Amino acid sequence: MKIGDLANRTGVNASAIRYYEKLNLVPAPYRASGQRRYTDEAVYRVLLIRFARDMDFSLEEIKIFLSGLNDKKPVGKRWRTLAHSKIKQVDQTVARAQRLKSLLEHLLHCRCASLQQCVDRLSLSPKLRLLRNSAR
């Protein structure tokens, strides 16, 4: 398929695809009449790159990530390190999202007399509690 077709199927600009190609994130396509021709595998690779970018992977991290997804060799130490690091980040993001959900649900039914009382009840800031305790 031509680069325009790949761009349309993945929602990624052709210029980004060429850049990914330059960084060896997408294998160099074969050429027919001077035009790039990509295989169907390129669609999945570009979609995975797009997803990883949406998940805040750097291009260097994506390179490590993609190198660990090669059928011809086992994943390496750098890939495992990256995976563990990203799992930790995901866990932190999930915990923050759960706290936010809890806060929003609480605020839907909040009957606190003041913002200070609400923040205190929710224990939103351990640092704030320490400051108040030390001021007493």
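Only a predicted model underlies this, so the values are computations on that prediction, with no experimental measurement involved.
For the pair Gln35 and Ile3, the minimum side-chain heavy-atom distance is 4.5 Å or more. At least one side-chain heavy atom of Lys86 sits under 4.5 Å from a side-chain heavy atom of Gln89. Residues Val43 and Met1 form a side-chain contact, since some pair of their non-hydrogen atoms from C-beta on lies under 4.5 Å apart. Residues Tyr38 and Glu21 are in side-chain contact: their nearest non-hydrogen atoms beyond the backbone lie under 4.5 Å apart. Using a 4.5 Å cut-off on side-chain heavy atoms (C-beta onward), Tyr20 and Ile62 make no contact.
No side-chain N or O of Gln98 forms a donor-acceptor pair with one of Lys101 less than 3.5 Å apart.
For Arg78, the salt bridge (charged side-chain N to carboxylate O under 4.0 Å, His left out) partners two or more places apart in sequence, or in a different chain, are Glu60. In this view, Phe57 and Phe65 satisfy the ring pair (Phe, Tyr, Trp, His ring centres under 6.0 Å) rule, not counting sequence neighbours. For Lys2, there are no salt bridge (charged side-chain N to carboxylate O under 4.0 Å, His left out) partners, not counting sequence neighbours. Partners of Arg31 according to the side chain to side chain donor-acceptor pair (under 3.5 Å) rule, which considers only residues two or more places apart in sequence or in another chain, do not exist here. The salt bridge (charged side-chain N to carboxylate O under 4.0 Å, His left out) test applied to Lys88 returns no partner, not counting sequence neighbours. Among residues two or more places apart in sequence or in another chain, the side chain to side chain donor-acceptor pair (under 3.5 Å) test is passed with Thr81 by none. Every residue was checked against the side chain to side chain donor-acceptor pair (under 3.5 Å) condition with Arg80, not counting sequence neighbours, and none meets it.
Counting side-chain heavy-atom gaps under 4.5 Å among Ile, Leu, Val, Met, Phe, Trp and Tyr, Tyr44 is found in no cluster with other residues. In this structure, Val94 belongs to a hydrophobic cluster whose other members, linked by side-chain heavy atoms under 4.5 Å apart, are Val90.
For CD of Glu41, the number of neighbouring non-hydrogen atoms (other residues, nucleotides, ligands) closer than 6.0 Å is 12 at most.
Interatomic distance, Ile64 CD1 to Leu59 CG, rounded to the nearest 0.5 Å: 11.5 Å. Distance check, rounded to the nearest 0.5 Å: CG of Leu25 to CD1 of Ile49 gives 4.5 Å. Residue Arg45 holds its CZ atom at 12.0 Å from CG of Leu6, rounded to the nearest 0.5 Å. Atom CG of residue Leu66 and atom CG of residue Leu23 lie 11.5 Å apart, to the nearest 0.5 angstrom.
Across every non-hydrogen atom of Ala14 and Ala7, the tightest pair is N-CB, 3.9 Å.
Residue pairs meeting the side-chain hydrogen bond (donor to acceptor under 3.5 Å, both in side chains) criterion with at least one member in residues 4-19: none, sequence neighbours excluded.
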